[in-house]
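Numbers here simply count residues along the sequence, with the first being 1.
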Amino acid sequence: MTKERSNDMTAANPAEPVAIVGMAVRLPGARTVDEFWQNLVDGVSAVRGFTDEEMAAAGVDERLRAQPGYVARGVPLEDVDRFDADFFGYTPQEARVTDPQHRVFLETCWRALEDAGTVPRAGDAAIGVFASSSMSTYLLNNILRDEQEGAPTELSYPVLIGNDKDFLATRVSYKLGLTGPSQTVQSACSSSLVALHQAAAALRGGECDVALAGGVSITVPQHSGYLHKEGGIASPDGDCRPFDAAAGGTVRGNGAGVVVLKRLADALADRDRIYAVVRGSAVTNDGSDKIGFTAPGVRGQARAVTAALAAAGTSADEIGYVEAHGTGTAIGDPIEIRALSMAHEHATRECALGSVKANLGHLDAAAGIVGLIKTALVLHHQTVPPQINFAAVNPLIPLERSRYVVHTDKHLPAEPITAAAVSSFGLGGTNGHCVLGRHVAAERRREPAGEPYLLLLSARGPEALVRQAERLRGHLEQARPRLDDLALTLGTGRTHWTERLALVAGSLDEALAGLDAFLAGGGRAGDHPAARDFVAGGSVAPELLGDLGSAVKTVLPGYPLEPRSHWIEPALREAAAPVPAPAATPAAPGAAAGELLAEVVAVLQQLLGIDGIGPDDDFFDLGGDSLTAVDAASLLSQRYHVEVDFEAFADRRTPGGIAEYLTELVHGTAEYSATVRVREGEGPHLFLIYPAGGTNFCYFRLAEHLDFDGPLTAFAYPRELGDGPVTIRQLAALYIERMRAVQPHGPYRLAGYSFGGNLAFEVALQLQRAGEGVSGLYLFDAHPPEAYVGESLTEQEFLVALPQMIASVMPDAGIRRDAAPPRSMAEVAEVLRTRPDWLPAGEEEFLRFVRIWRRNHEALKGYYPDGKVSGPVVVFDAEQPHPEEEVAVLRIKLLSKDYWRSHVDGEMSVVPVPGNHYTMFTDLALVPRLAAAFQAVLDGRGA
């Protein structure tokens, strides 16, 4: 018996609040949280250009740098080679073979604990670690490519432990003596926000008392750019422009961030400084509810936002700032804002929108935690930093009609921001969303005047103690903290090393004088008994530090680490020369054929991950699918400055055929063909006819799940017909000519989806009249002819149905079924320019799709069969009915598929299949079931 899962984290019973009591970052241009915040407020971008000397030193081949589209920009992190191995208990060799991501993350965890005033190994508190990192490029590019004598060139245990993600969290726990749960959390770009979600759950579940949560991403070499690919996610100029009309992609960032969490009640009891409160968070996955594995999913993102609000017990209207995932891609940003709008559907209060990726690039596994740290600082300082690289809103984001605003100057809200949120969405579909609340500290009594306080300072060695004293002096002079806060933090929130200093002071000026005396060569304890005990190695009880009745922990300088270079330089091998970009028009097709074929093979081998592809190998037999074919067509279009048609690419299907097609394109001799070979094979073809929109993409997805020996050939709408009216009989005669060009004689097998089923039926009738046999006719949820009997539709009447049809065919478009319809095709074009939810493809492609759909629908309204097909006929009937409101507007009657029997003279079967008229082909979970039913019929096991 299945027990229904309950979720008690609702607005009526929210999650236990968790306090953020410490934070640390290691980012380009910012080694502290204060530096990070100042850079944000000042609108600083860490992206910079690389010199030829830097790129040469990084091993970037000169020929690659000279390629058109090479972007010599990035976001390098300073001193990734440097590390205080001795402080953290590493031998120099251990440090050399350890990924800088592991080293920087360990150091950042230490800094976060210092910021929180939490001492590792102190007391009985269990401290957990929840960590994320990117792939170890140091292992790939440095360690395994090092050819120096004695260098490790294999995966020994020190190399494995120092570079594998599995040991990121546990190495921190081991080095710092932390006994709580220690887990590496990986979900691509959302990893570190998912790590925070798991850390908060562990605190609420009592698995630990303190939790570190964070992520790191450092790519080496640091000073190398990238070759921009049209249609990819990388920015064409190295700048990331979230929400902007000029958004073209992101740039890879480097850095780390860590937060320290406690249950709110414990943080208050421990007198911790609280930046913000984690009210609630949620993690979802898109599942298969999107167009591809790497694509974002609107509903999955919206579910994460909605669930986090419920867990937080927070109304969307209270959210005053959202730190978006905001990658600065032309389609990704609109999808994210659409999902956010769905989750905030009833909220009306103005909400600021931002993305730190404009400042730092995309930090991959560290992106979520750095976004969360920024959001906590927004609440802490009650200031929204300026969003840089934003000039005009992406036309696909209806910002002016939403509650969201992007501030390009530092913004001080008129009303306090009491709640904020941060999103982080991972490649592959794992979506994280977190709701933070502002923490207002309780009112404190005035600091006791003249009260003596004991200030404790220590280090591992005499020189380090001097540096500690120098740093503390500079901080006291600038920040002027309360003396009781200073005594509490130094006495209870710092590790006490063997080299010690104790001062007694009744004011900050006395504390400064005591530090000056020590730095001038004075004593370390004076005549205070507790101070003498401390310097001698003893401990000091908190009550001996002074009157701490109103004290809270404060920000103080961290321990003066002494980093040194621990690095393995790779052997800079000469890179293979890239295939030269061809001229737009080769001088002679024969002369360029060899290079062109080599380029096609190289592209396919790269995309498929297969070596040794031959000129006659079938792309789809090699494991290619429709998505990979789109990538290949896009790459080849970019390299040869031509428009590679996807259907033509799929039809040519072998490297030799594709190379021949490219040659035709660059010489202007290529002809568009609406006949596409979905799969090669032996024997009679199975001909597949397009649905009303004129495209045949649905059949590629179906073919992936079919075990069919014969060739599969699909038709698309013939472009040469132009924009004039067509008839079913005219189209049928045209496709019979094309079928005979592929297979001169029958028997023929035909299949068609929706409109394509009706057209396939007429093709079968005409073939029979010509004396050809039809051995199988397969109709995928095609309405019987009687369903279309009635008046035709005007263009305006057809457009009334458009929102409903788009909502059905493209559910991720976000269009509502009751949306106001456009009044003309010109208005459709205008809507496309202003609303992202109407733009599943380019404007021209979408308008063509709508025109063909209407033309084909009108052809059906004027068609009734004038004969019977002699079977066998199989109708695959969607179990869920076609949406009634849609068919009513289109003047289609919902009739049983049994009506087809009056048009069949022979065997006919109706096979029910899951889903509705659209989802049977669009739902990735239902397509295999449709294929299985079709396969059974083809094998003679069904119907």
Side-chain angles (χ1 to χ4, degrees), residues 647 674-679 684-703 706 708 710-718 726-739 742-743 746-768 772 774-785 787-788 809 852-853 855-857 859-861 863-865 867-869 871-878 882 892 897 899-900 903-904 908-911 913 917-918 920-922 927 930-931 933-934 937-938 943:
E647 291 165 342
T675 305
V676 177
R677 190 69 57 83
V678 176
R679 180 179 294 173
H685 288 247
L686 174 57
F687 292 98
L688 306 165
I689 299 181
Y690 54 86
T695 63
N696 51 36
F697 295 158
C698 57
Y699 295 125
F700 283 89
R701 184 174 292 170
L702 181 70
L706 286 178
F708 182 70
L712 298 175
T713 300
F715 295 121
Y717 189 84
V726 295
T727 68
I728 296 294
R729 292 180 177 87
Q730 175 188 2
L731 289 170
L734 174 65
Y735 283 115
I736 287 174
E737 289 181 15
R738 295 187 175 177
M739 289 168 59
V742 175
Q743 180 183 321
Y748 291 99
R749 288 193 289 185
L750 308 166
Y753 168 35
S754 187
F755 162 86
N758 297 74
L759 179 52
F761 190 90
E762 176 60 28
V763 169
L765 279 178
Q766 293 189 21
L767 284 171
Q768 285 181 176
E772 297 285 4
V774 176
S775 59
L777 175 60
Y778 313 105
L779 313 182
F780 296 109
D781 209 53
H783 293 300
Y788 295 97
V809 178
I852 290 174
W853 195 338
R855 202 172 302 140
N856 286 332
H857 182 74
L860 280 175
K861 297 292 288 183
Y863 172 71
Y864 197 84
K868 294 186 178 183
V869 169
V873 176
V874 179
V875 183
F876 296 91
D877 185 18
H882 204 138
I892 301 174
K897 300 301 190 300
Y899 271 78
W900 278 108
H903 304 283
V904 176
M908 179 191 143
S909 303
V910 177
V911 177
V913 291
H917 186 76
Y918 299 107
M920 61 189 291
F921 269 101
T922 60
V927 173
L930 173 63
F934 191 24
V937 170
L938 294 174

Would you check if the side chain of Tyr748 reaches a backbone N or O of Gln743 as a donor-acceptor pair within less than 3.5 Å?
-> yes
Picking from Leu777, Ile736, Ile728, Val774, what satisfies side chain to side chain contact (heavy atoms under 4.5 Å, CB included) with Val763?
-> Ile736
Pick from Leu779, Val910, Val937: which one makes a side chain to side chain contact (heavy atoms under 4.5 Å, CB included) with Phe876?
-> Val937
Are the side chains of [Y] and [X] in contact, using a 4.5 Å heavy-atom criterion?
{"X": "Asn856", "Y": "Tyr690", "result": "yes"}
{"X": "Phe755", "Y": "Leu731", "result": "yes"}
{"X": "Val874", "Y": "Met908", "result": "no"}
{"X": "Leu860", "Y": "His783", "result": "no"}
{"X": "Phe780", "Y": "Val875", "result": "no"}

What pairs with Tyr899 under ring-ring contact (aromatic ring centres under 6.0 Å, His included), at least two apart in sequence or on another chain?
-> none
Please step through side chain to side chain contact (heavy atoms under 4.5 Å, CB included) for the pair Val869 and Gln768, ending with a clear verdict.
-> CA-CA 8 Å; Val869 169; Gln768 285 181 176; 3.6 Å; yes
Which residues share a side chain to side chain donor-acceptor pair (under 3.5 Å) with Asp877, sequence neighbours left out | Lys897
What residues form a side chain to side chain donor-acceptor pair (under 3.5 Å) with Gln766, not counting sequence neighbours?
-> Glu762
Locate the shortest heavy-atom distance separating [X] from [Y]; write the atom from each residue and the value.
{"X": "Ala878", "Y": "Met920", "value": "CB-SD, 4.1 Å"}
{"X": "Trp900", "Y": "Ala782", "value": "NE1-O, 2.9 Å"}
{"X": "Pro747", "Y": "Pro684", "value": "O-CB, 4.2 Å"}
{"X": "Tyr864", "Y": "His903", "value": "OH-CE1, 3.4 Å"}
{"X": "Ala859", "Y": "Val726", "value": "CB-O, 3.6 Å"}
{"X": "Ala933", "Y": "Val913", "value": "CB-CG1, 3.9 Å"}

Parallel, tilted or perpendicular, as decided by the 30° and 60° cut-offs, for the rings of Tyr753 and His917 |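 Correct class here is tilted.
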Derivation and outcome, side chain to side chain contact (heavy atoms under 4.5 Å, CB included), residues Asn758 and Tyr788 = CA-CA 11 Å; Asn758 297 74; Tyr788 295 97; 4.0 Å; yes
